[in-house]
J.: 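This is the structure, below, for whatever I ask next.
Both counts, for ligands and for their atoms, begin at 1 and track the order of listing.
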Amino acid sequence: MIIAIDGPAASGKGTLARLLARHYGLKHLDTGSLYRAVALAILNAGGDPADQACALKIARQMDFNQFSDDELRGAGVGEAASVVAAMPEVRAIMLKRQRAFAAEPPGAVLDGRDIGTIVCPDADVKLFVTALAGVRAGRRFEEAVLRGQDGSYEEVLRDIERRDERDTNRAIAPLKPAADAHLLDTSELDIETAFQAAVRVIDGST
Ligand code: DC
């Protein structure tokens, strides 16, 4: 079984994907972490995430397991990942990795922006997870505080809105619900309630 989960930053899709993978005995791939890894490798090398030639060179020779989750979630990495993710050649490399992962038994839950539309258009179930930008910024701000990072709620909100704008309006594989995706708005749901709602959708469509 393949479950495709898409949605904007901090919509809850990552946590949901992890819980669903455990519930259904599937593997999980956080596809945003692939773009984050390329972005972080560029930043660590002192490069510019907008430099396509540099991004492509790094993406081709990347060891995708070299960074910890905390490093991938560090300040500025999401923004740089969003810039890198708008490059068609970089996306082509990622597409191969994601499809190979999805094809391995026993199946997988993949979360990202273009899973239901491009990476796994034949997924058994597709969810499009959203929440109001202000709510999403609140979640990311709390995570940053727990991690001891500096910054204000307003900065986090601006970062989220900028990324939404870039991820939604880019020419290649933009963030949008697949025609057959089930919409799940988590603005007023805690994670347990969102998980139960997702399980109802999945059990009802498989
Ligand atoms: O989900 P995230 O915040 O970790 O993703 C980081 C960036 O990577 C996001 O702003 C857009 C990009 N991304 C993408 O373009 N396609 C995906 N399938 C996953 C992430």
J.: Look at atom 8 (O) of ligand 1 and say which protein heavy atom is nearest, naming residue and atom and giving the distance to 0.1 Å.
T.: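 Nearest protein contact, heavy atoms only, for atom 8 (O) of ligand 1 is Y35 CB, 3.6 Å.
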J.: Check this for me - ligand 1, T31, N or O atoms closer than 3.5 angstrom, yes or no?
T.: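 Yes.
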J.: How far is atom 1 (O) of ligand 1 from the closest protein heavy atom, and which atom is that?
T.: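 Nearest neighbour among protein heavy atoms for atom 1 (O) of ligand 1, to 0.1 Å: R113 NH1, 2.8 Å.
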J.: With heavy-atom distances below 4.0 Å as the criterion, list the atoms of ligand 1 near R36.
T.: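 It comes down to these atoms of ligand 1: 2 (P), 3 (O), 4 (O), 6 (C).
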J.: What protein heavy atom sits nearest atom 12 (C) of ligand 1, and how far off is it?
T.: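 Here the nearest protein heavy atom works out to A85 CB, 3.6 Å.
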J.: List ligand 1 atoms under 4.0 Å from R170, heavy atoms only on the residue side.
T.: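 Counting from 1, the qualifying ligand atoms are 14 (C), 15 (O), 16 (N).
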J.: May I ask you to identify the nearest protein heavy atom to atom 11 (C) of ligand 1, giving residue, atom name and distance to one decimal place in Å?
T.: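 Sorting protein heavy atoms by distance from atom 11 (C) of ligand 1 puts D167 OD2, 3.3 Å first.
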J.: If you measure from each non-hydrogen atom of R166 to ligand 1, which part falls under 4.0 Å: side chain, backbone, both or neither?
T.: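 Neither; no heavy atom under 4.0 Å.
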J.: Relative to the heavy atoms of R73, which atoms of ligand 1 are at a distance of less than 4.0 Å?
T.: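 Under 4.0 Å from R73, ligand 1 has these atoms: 4 (O).
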J.: To the nearest 0.5 Å, what is the distance between CZ on F128 and CG on L184?
T.: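 Here the rounded value is 11.0 Å.
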J.: Please list, in number order, the atoms of ligand 1 under 4.0 Å from a heavy atom of R163.
T.: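 Result: 3 (O), 5 (O), 6 (C), 7 (C), 9 (C), 10 (O).
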J.: May I ask you to check whether R140 has an N/O atom sitting below 3.5 Å from an N/O atom of ligand 1?
T.: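 In this structure, R140 places no N or O atom under 3.5 Å from an N or O of ligand 1.
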